[in-house]
K.L.:
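Got a structure here, written out as structure tokens. Questions coming.
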Amino acid sequence: MKKSDRFVLKTGLIALVAGLLGGGIAYGGASLLQSTGVDVAVPAGSNAGGTASTSNLKVNVQSQSEKAYQAVKNSVVSVINLKSTSSDSFDSMLGKSSSKLEANSEGSGVIYKKSGNAAYIVTNNHVVSGASAIQVLLSNGKQLEAKVVGTDSVTDLAVLKINGSMIKSVASFGNSDNIKVGETSLAIGSPLGSAYASSLTQGIISAKKREVPLTGSNGQATGNTATVIQTDTAINPGNSGGPLINLAGQVIGINSMKLASDSEGTSVEGIGFAIPSNEVVKIINQLVKSGKIERPALGIQYVDLTNIAVSQQKSILKLPSSVENGVVVYTVTKNSPAENAGLKKYDVIVELAGKKISSQDEVKNILYSQKLGSTVSVKYYRDGKLKTGTIKLTESTSQLKINQ
């Protein structure tokens, strides 16, 4: 046989074997059993021999994660947002107005303090926003009425107050500055509502200080950014307001949001965010003290310099070409801190409180880190000349309904 013919034959054999392995092995196997005389018929008679039983062997699977969960779970609650709805009952047909409370949404919360007969819960502002009434479902199944102590939409935090006579367990806060990327993190809450209350998920810390843009309840950007903990610990609707904890059973963050898709609609997994515990403690203490958060304001409306055409930056603002970032003052409120500091329309602020302005979001971030009544430095361009000054932050955002 020629060499080429032998090659064809060998290839043909390989193809045949592949065909048998892929679909014909059952036939080949059956033929083999029959040819060896093995009886393959199903046995007749009683099926008593087919019963099964469980083993008494107990496996000890206790881990640090379980210990942390057990330490915190009884302080985690479901927060039920109730809204008043008009009734379409027989009373309405008779001209009698009536309404009832119905569950509008659910989230989570964590009891962090008990004082006398009162207990305090921290949750997200968006969990309680727009509620006609609020109920809290404890880990033991008891349902209690809750009152709002204070809310803050900027940080998305809220404090609730309940009767503390049945509260036996409260959570403690850890120092969020001490967490490490790669460290194990646990989330406890009510994903998809109270039907899944006290659910535990586990992951790691993905980033300690991630800057993310904030959006309002309408989904629109608020112009603010938040510095949050990024985690791949599973966070789902209903987990909002619940605790992110470390393996010591300390609350290191309050779960607030997750990234479900990017700007192009691509699905995203494993990117959730929690408000750092150090920020949480600072905000909730102010809410308990005064019921609201007052932040300094300049009293101006402004636009990002990058939104101004380069030709107008030169012709109207008279800016040097070296100036690329800042905010342009558009209006100044009468008797505001900005006016008292001498700021005018078309001034370009490039530095505030010693920090350079890279975008318009930076203005609020800088201001919100200051105390009301403090004095900060400012650098700005007017008619192409760099000027310096100071601004005394005597007004708050609640007093000046303007950009800042």
Side-chain angles (χ1 to χ4, degrees), residues 125-126 129 148-159 211 213-218 220-227 275 278-305 307-308 317 325-383 386-404:
N125 173 67
H126 77 259
S129 180
V148 176
V149 175
T151 62
D152 180 42
S153 60
V154 173
T155 56
D156 194 25
L157 290 171
V159 175
E211 295 284 339
L214 293 177
T215 57
S217 57
N218 59 0
Q220 299 297 313
T222 63
N224 297 325
T225 60
T227 303
I275 306 162
N278 289 9
E279 175 77 0
V280 172
V281 170
K282 181 176 71 174
I283 295 298
I284 63 178
N285 284 345
Q286 291 182 59
L287 290 176
V288 169
K289 182 179 179 180
S290 59
K292 61 182 180 180
I293 306 296
E294 288 192 329
R295 295 179 173 86
L298 297 176
I300 62 173
Q301 286 184 326
Y302 55 87
V303 295
D304 199 311
L305 179 62
N307 292 329
I308 306 298
L317 302 178
N325 294 300
V327 294
V328 182
V329 177
Y330 189 68
T331 60
V332 181
T333 302
K334 190 174 180 59
N335 296 323
S336 66
E339 186 185 64
N340 293 336
L343 289 174
K344 296 180 180 180
K345 184 176 182 178
Y346 294 155
D347 285 346
V348 181
I349 303 175
V350 294
E351 188 175 299
L352 187 65
K355 297 181 180 180
K356 292 183 178 180
I357 307 297
S358 57
S359 69
Q360 64 181 27
D361 290 344
E362 197 73 23
V363 176
K364 290 183 179 180
N365 292 335
I366 293 171
L367 282 174
Y368 290 175
S369 67
Q370 305 297 317
K371 292 182 178 180
L372 195 63
S374 61
T375 300
V376 296
S377 61
V378 61
K379 289 184 179 181
Y380 58 96
Y381 280 88
R382 177 181 296 167
D383 294 329
L386 180 63
K387 295 181 175 293
T388 60
T390 57
I391 304 177
K392 188 172 179 60
L393 303 174
T394 57
E395 305 290 330
S396 69
T397 50
S398 61
Q399 295 165 309
L400 294 172
K401 302 299 183 182
I402 199 167
N403 269 7
Q404 271 311 325

K.L.:
Side chains of V154 and I293: closer than 4.5 Å at any heavy-atom pair?
P.N.:
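No - every pair of side-chain heavy atoms lies 4.5 Å or more apart.
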K.L.:
What distance do L367 atom CG and S396 atom OG have between them, rounded to the nearest 0.5 Å?
P.N.:
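Here the interatomic distance stands at 12.0 Å.
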K.L.:
I need the L305 CG to S359 OG distance, nearest 0.5 Å.
P.N.:
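Those atoms lie 11.5 Å apart.
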K.L.:
Evaluate the side-chain proximity of N325 to I357: yes if any heavy-atom separation is below 4.5 Å, no if none is.
P.N.:
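Not in contact.
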K.L.:
Please, which pairs that meet side chain to side chain donor-acceptor pair (under 3.5 Å) have at least one residue in residues 338-351, sequence neighbours excluded?
P.N.:
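Found D347-R382.
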K.L.:
Among residues at least two apart in sequence or on other chains, which ones pass side-chain contact (heavy atoms from CB on, under 4.5 Å) with T375?
P.N.:
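T375 satisfies side-chain contact (heavy atoms from CB on, under 4.5 Å) with T390, K392 once adjacent residues are dropped.
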K.L.:
What is the distance from atom CD1 of I283 to atom CG of N278, rounded to the nearest 0.5 Å?
P.N.:
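Going from the CD1 atom of I283 to the CG atom of N278 covers 12.0 Å.
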K.L.:
Nearest 0.5 Å, please: how far is NZ in K364 from OG in S369?
P.N.:
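Here the rounded value is 14.5 Å.
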K.L.:
Which atom pair, heavy atoms only, marks the closest approach of L287 to G150?
P.N.:
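Answer, listing the atom of L287 first, then G150: CD1-O, 3.7 Å.
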K.L.:
Identify the heavy atoms of A297 and P337 that sit nearest to each other, and give their distance.
P.N.:
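Smallest heavy-atom distance, with atoms named: O-CG, 3.5 Å.
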K.L.:
Give me the atom names and distance for the closest heavy-atom approach of G354 to S377.
P.N.:
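That closest heavy-atom pairing would be N-OG, 3.4 Å.
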K.L.:
Taking side-chain contact (heavy atoms from CB on, under 4.5 Å) as the test, write out the residues that go with V378, two or more places apart.
P.N.:
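For V378 the side-chain contact (heavy atoms from CB on, under 4.5 Å) partners, ignoring immediate neighbours, are I349, L352, Y380, I391.
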K.L.:
Where do T388 and K379 come nearest, in terms of heavy atoms and distance?
P.N.:
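Of all heavy-atom pairs spanning T388 and K379, the closest is CG2-CG, 3.8 Å.
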K.L.:
Using the test salt bridge (charged side-chain N to carboxylate O under 4.0 Å, His left out), find all partners of D304 that sit at least two apart in sequence or belong to another chain.
P.N.:
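Not a single residue meets the salt bridge (charged side-chain N to carboxylate O under 4.0 Å, His left out) criterion with D304.
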K.L.:
With sequence neighbours left out, what residues match S358 under side-chain contact (heavy atoms from CB on, under 4.5 Å)?
P.N.:
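Partners of S358 by the side-chain contact (heavy atoms from CB on, under 4.5 Å) criterion, ordered by chain and then number, come out as E362.
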K.L.:
Find out whether V363 and I300 are in side-chain contact, i.e. whether some heavy atom of one side chain is under 4.5 Å from a heavy atom of the other.
P.N.:
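Counting from C-beta outward, V363 and I300 never come under 4.5 Å.
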K.L.:
Under 4.5 Å between any side-chain heavy atoms of V350 and Y381, yes or no?
P.N.:
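A side-chain contact exists here, since the closest heavy-atom pair is under 4.5 Å.
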K.L.:
Is it the case that the side chain of D152 and the backbone of N125 share a donor-acceptor pair, with hydrogens and angles ignored and the cut-off at 3.5 Å?
P.N.:
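Checking the backbone N and O of N125 against the side chain of D152, no donor-acceptor pair under 3.5 Å is found.
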K.L.:
Do L298 and L393 have side chains that approach each other closer than 4.5 Å (heavy atoms only, starting at C-beta)?
P.N.:
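Side chain of L298 against side chain of L393, heavy atoms only: contact under 4.5 Å found.
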K.L.:
Run the side-chain contact (heavy atoms from CB on, under 4.5 Å) test against E211 and tell me which residues pass, sequence neighbours left out.
P.N.:
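Partners of E211 by the side-chain contact (heavy atoms from CB on, under 4.5 Å) criterion, ordered by chain and then number, come out as T225, T227.
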